[in-house]
> 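My questions all concern the structure below.
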Number of protein chains: 2
Amino acid sequence: MVRRAEQSNYSLESIDRMALVLKALEQAPEQTLEQIARLSGLNESTALRYLLSLSKHEMVERNEASGRFRLGLSLFRLGSRSIEYRDIVTLSLPVMERLLAQFGESVNLATRQQGQVMLLRVLESATPTRKGAKAGETDAWHATSLGKALLAAMPGAEATSILKGGPLAAYTPTTLTRYDDLLRDLERAQTRGYAIDDEESVEGLRCVGAAIRDHAGVPRYALSVSGPKSRMPYQRTEEIGTAVMKGAAEVSRALGA
Amino acid sequence: MVRRAEQSNYSLESIDRMALVLKALEQAPEQTLEQIARLSGLNESTALRYLLSLSKHEMVERNEASGRFRLGLSLFRLGSRSIEYRDIVTLSLPVMERLLAQFGESVNLATRQQGQVMLLRVLESATPTRKGAKAGETDAWHATSLGKALLAAMPGAEATSILKGGPLAAYTPTTLTRYDDLLRDLERAQTRGYAIDDEESVEGLRCVGAAIRDHAGVPRYALSVSGPKSRMPYQRTEEIGTAVMKGAAEVSRALGA
DNA sequence: CGATCTTATTTCATCTAATGAAATTGTCAA
DNA sequence: TTGACAATTTCATTAGATGAAATAAGATCG
C-alpha cells in the first residue's frame, strides 16, 4: 500500500511557478505586479495570470485602492488547519503551559521548515515586557536558543551543512559570528542539555531552549523559555534550562522517541 | 496605474486544480491518495502529481509511515504572513486586550472568508473554562454572535443570500433554526447594536458581538466576547455588549469608516 | 485641460507541458 | 507464497500555458 515516489521529475511546473509567486509575496506586505514578476523571475503576463488565478481562491488578495497584491486569507485558514492536528502541538501544550505557569516567561515551540527555524506556537508571558514573537515567524539558527538547541542535537555533519548556508549574521554585539565560537557553544549546549541565547538575537533578551526528538529520535522540534535579562539572571537561567530540558524530554517520550 | 481585471476566463486551470486538492486536504487531517482524488474530482494520477508537486514546497506533507497526505507547514508560514500586516489585526488588538482585561472573558475577532465566518484572532480568557476556539476556525453564521452581528449589519438582501446557502443547522436546543425567528433576532440585534448568542452554538456558552465596518462602511469584521453562562448573566451580557459595541465602533473609526 | 507616462490588462500564434488510461511495482495480509 | 490492493510510472495525445506585443486606464505634469 505504501510506496514512495522516487522520480524527482514528477513535478508540475505550474505549481513551481505558483510557489515562486507566493514566495515573492512573502517578501513584503503588499507588492505591485512588477515587483512580483521581478522577484519570482516570471514574465509579467504570467505572474499576473497566477496572481489572478490565486485571487479567485482568496489565496491572494489585492488592495482595492492601489491594486497591489498581498497574501490572502485562505492561506491563513489552510495554515491553521495544517498545525491543528499535529501531535507535536497537542502533546507539548500541557508542558508549555506548565513552564509558563512556573516561570511566568514566554514559552516557544519551534520546528524546522524549509531549512529555517519556524515558531509553531508561542505562549506569551502576561508581563508587559515580552518579545512579542508570533507563530509562523522564522528565527536565526545560530542566534537563538531554539536554533542552537536543534543544531546541538543533530549530527555534526547536518549542522555544518545548515550553517554553511550563509554567514553568521550579527544581530547584537554578543551574537556568535565566528564559526569556532559557535561550535564551542554548541558543544557546551550538548553537554549541558540545553542551549542558551544570551542577548544574541535581541538585546536584553535571554532564552534557554532544548530539542525535542520525534519517534525516530530525530531532533525535529525545540522548546524554549525567553524573558528579559532583568528577570533572567544566570542562576535562574540554569533553573529554567533544566526545566525546559526536562519538558522537552517529556514531549520526546510522548512522541515515542 | 490601477486597472482591474475584468475577464473571468483569465484563470489557470492548474491553480484551480491545486485549490481542489488543498480543499480536499482540509476535510480531514490525513488522507490517502484515493480519498483526495475522490474529494477533488481529479484523476488519481493527476491528484498524485499535484500532491507530490506541492510536497516539494512543503505545502503538503506525508506521513512517513502510512504514506498519507496532509497540509504542510509552508501553509502555516504563509498564513501567518497573510494576517501579519493587516490593519484590522493591529488596530483591534488594543481594543481586544482592553476588553479581555476589563471582563476577563475570551475576546474574538472574525471576518468573512469564502462565504464563511472565520476567526482571525482569539485572546483567551485566563480561566480554565473557555471555549478554546482557535484563529482560522470557521463559525456558523446563524448561531454565533460574530455571524449574527455581521448579518445584522449588512444589507438585508445580502444577508438573505448568505442564509439561503443552506439550512439553519441546530447545534444546541436553543439554536434558531427557523428563518422567522432568526430574522426577528437580527432585527433586535440591529436596534440593540450588538448580537447575542445565548447557547446557540455551544451549550453553556454565551457571546455578545458587534460588527466592525471598513473604510467604505462595509461590515467586514466582527468583535465578540464569549464566556460560560455562569459568568455571563443577562445583566452582565448587557454591560459587556455595550462595551463590545463601543470597541467595534472604535476600530471602525480607526479603519476610516 | 490635454499630453505624456506608467503600469495593468488583453490578445493571439506557438508549442510546451499537463493529462489519464493502462501497465507496473511495492506492501500487506492471509 | 500468493493474491489483493493501493501507489507510482509510462507514454501518446492534445489541452492549455506562455510571452511578446498591443491596448487601456489612471496618474502626473505642464
Side-chain angles (χ1 to χ4, degrees), chain A residues 1-22 24-25 27-57 59-72 216, chain B residues 1-22 24-25 27-57 59-72 216:
Chain A
M1 185 245 253
V2 184
R3 194 176 145 217
R4 200 51 37 77
E6 276 155 24
Q7 298 228 148
S8 56
N9 62 337
Y10 209 68
S11 185
L12 295 167
E13 306 217 340
S14 46
I15 298 302
D16 292 347
R17 286 191 266 257
M18 176 211 64
L20 286 173
V21 168
L22 292 179
L25 283 167
Q27 308 302 309
E30 269 195 4
Q31 293 177 73
T32 63
L33 173 60
E34 196 197 357
Q35 289 179 289
I36 297 163
R38 186 159 28 77
L39 283 174
S40 63
L42 296 174
N43 178 292
E44 258 185 40
S45 298
T46 304
L48 178 64
R49 258 189 306 254
Y50 278 89
L51 288 163
L52 293 182
S53 303
L54 289 166
S55 299
K56 203 166 104 184
H57 303 283
M59 295 174 75
V60 163
E61 294 170 10
R62 56 197 313 188
N63 181 320
E64 283 303 318
S66 67
R68 293 208 187 142
F69 298 89
R70 60 164 179 252
L71 295 170
Chain B
M1 183 248 250
V2 184
R3 192 174 148 221
R4 199 52 35 78
E6 275 154 25
Q7 298 226 146
S8 55
N9 62 339
Y10 209 69
S11 184
L12 296 167
E13 305 217 341
S14 47
I15 297 302
D16 292 346
R17 285 192 267 258
M18 175 211 64
L20 287 173
V21 169
L22 293 179
L25 284 166
Q27 308 302 309
E30 268 195 6
Q31 292 178 71
T32 64
L33 173 60
E34 195 196 1
Q35 288 178 290
I36 296 163
R38 185 158 31 76
L39 283 175
S40 63
L42 296 174
N43 178 290
E44 260 185 39
S45 299
T46 305
L48 178 63
R49 258 189 306 254
Y50 278 90
L51 287 164
L52 294 182
S53 303
L54 288 166
S55 299
K56 204 167 105 181
H57 303 284
M59 295 175 76
V60 163
E61 294 169 9
R62 56 197 312 188
N63 182 318
E64 284 303 318
S66 67
R68 292 207 186 145
F69 298 89
R70 60 165 180 251
L71 295 171

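We name chains A, B, ... by the order of the sequence lines, and we start the count at 1 in each one.
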> With sequence neighbours left out, write down each residue that passes side-chain contact (heavy atoms from CB on, under 4.5 Å) with A:A216, or none if nothing qualifies.
A:D214, A:V218
> Considering heavy-atom distances to DNA chain C, does A:L33 or A:I15 have its closest nucleotide positioned more toward the 5' end?
A:L33
> Donor-acceptor check, side chain of B:E30 to backbone of B:N63, threshold 3.5 angstrom: yes or no?
no
> Say you draw a straight line from CE of A:M18 to CE of A:M59; how long is it, rounded to the nearest 0.5 Å?
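That separation rounds to 6.0 Å.
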> So what is the end-to-end bend of the helix from C:dC1-D:dG30 to C:dA30-D:dT1, with 5 pairs used at each end and the value given to 10 degrees?
50°
> Return a table of donor-acceptor pairs under 3.5 angstrom between the side chains of residues 39-48 of chain B and protein atoms on other chains or two or more places apart.
| from | atom 1 | to | atom 2 | distance (Å) |
| --- | --- | --- | --- | --- |
| B:S40 | OG | B:I36 | O | 2.7 |
| B:S40 | OG | B:A37 | O | 3.3 |
| B:S40 | OG | B:L42 | N | 3.3 |
| B:N43 | OD1 | B:S45 | N | 2.7 |
| B:N43 | OD1 | B:S45 | OG | 3.4 |

> Looking at NE2 of A:H57 and OG of B:S11, how far apart are the two atoms once the value is rounded to the nearest 0.5 Å?
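These two atoms lie 5.5 Å from each other.
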> Quickly, which of A:T32, A:L54, A:V21, A:L51 forms a side-chain contact (heavy atoms from CB on, under 4.5 Å) with A:F69? Name it, please.
A:L51
> Does B:E61 offer a backbone N or O that forms a donor-acceptor pair with the side chain of B:R70 under 3.5 Å?
no
> Do any of residues 37-46 of chain A sit with a heavy atom less than 4.0 Å from DNA chain D, and if so which?
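DNA chain D contact set from residues 37-46 of chain A: A:N43, A:S45, A:T46.
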> Does D:dT18 have OP1 or OP2 under 4.0 Å away from a side-chain N or O of A:Y50?
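For D:dT18, OP1/OP2 do have a side-chain N/O of A:Y50 under 4.0 Å.
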> I'd like to check the side chain to side chain donor-acceptor pair (under 3.5 Å) partners of A:S55; sequence neighbours left out, ordered by chain and number.
none
> Could B:E13 and B:R17 be called an ion pair, given the rule that one side-chain N must be under 4.0 Å from one carboxylate O?
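Salt bridge between B:E13 and B:R17, a charged N being under 4.0 Å from a carboxylate O: yes.
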> For nucleotides 12-17 of chain C, tabulate all protein N/O to nucleotide N/O atom pairs closer than 3.5 Å, reporting atom names and distance.
| from | atom 1 | to | atom 2 | distance (Å) |
| --- | --- | --- | --- | --- |
| C:dA17 | OP1 | A:E13 | OE1 | 3.1 |

> Rounded to whole Å, how long is the line connecting atom CD of A:E34 with atom P of C:dT9?
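One finds 13 Å between P of C:dT9 and CD of A:E34, rounded.
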